[in-house]
Amino acid sequence: MTPIDDYIPSPQRSPATAGDALAKIENAVALFDRRNLMQAESLCRQILAEQANHFDALHLLGVIAIHLNNFAEGVALIGKGLADRPHHA
């Protein structure tokens, strides 16, 4: 490893980012359970801004879209999540 390697960002998520996503998805689920769909959607989109293929955020966002009668968007979001995890179908 050379000194320049210390300045190259790692492609892996940091534990803080993973922990932040976990806390956000837990909050989003709680908001969804209380029927606060807009705030739950906002948290899911925040997660996806950092981790575009976050399975739980894609799934919950898809469920929210279906609850809002955006069926095509909901199915597409859930499908995107399942593309990386077909065994969750």
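In this chain, numbering begins with 1 at the start of the sequence shown. Keep in mind it's a predicted model, so treat the numbers as computed, not measured.
- Atom-to-atom distance recorded for F32:CZ and I64:CD1 is 6.5 Å, nearest 0.5 angstrom.
- The line from CG of L37 to OG of S42 is 12.5 Å long, rounded to the nearest 0.5 Å.
- Listed by chain and residue number, nothing satisfies the side chain to side chain donor-acceptor pair (under 3.5 Å) test with N53 (two or more places apart in sequence, or in another chain).
- Scanning both residues, H54 and A21, for their nearest heavy atoms gives NE2-CB, 4.0 Å.
- Judged as a side-chain contact (heavy atoms from CB on, under 4.5 Å), and not counting sequence neighbours, the contacts of N70 are A65, L68, E73.
- Heavy-atom minimum distance, I66 versus G74: CG1-CA, 3.9 Å.
- Cluster note: L31 groups with L43 through ILVMFWY side-chain heavy atoms spaced under 4.5 Å, whether in direct contact or through intervening members.
- The list of salt bridge (Lys or Arg N to Asp or Glu O under 4.0 Å) pairs with a residue in residues 25-42, not counting sequence neighbours, reads E41-R45.
- Linking Ile, Leu, Val, Met, Phe, Trp and Tyr whenever their side-chain heavy atoms come within less than 4.5 Å puts V63 and F71 in one cluster.
- Taking every heavy atom of both residues into account, I47 and A57 meet most closely at CG2-CB, 3.9 Å.
- The CZ atom of F55 lies 9.0 Å from the CD1 atom of I78; values are rounded to the nearest 0.5 Å.
- Counting only residues at least two apart or in different chains, side chain to side chain donor-acceptor pair (under 3.5 Å) contacts with residues 59-69 are absent.
- Think of L48 as one node in a network of Ile, Leu, Val, Met, Phe, Trp and Tyr side chains linked at under 4.5 Å; its network also takes in L58, L61, L77.
- Applying the salt bridge (Lys or Arg N to Asp or Glu O under 4.0 Å) test to pairs two or more places apart or on separate chains, none has a residue in residues 53-66.
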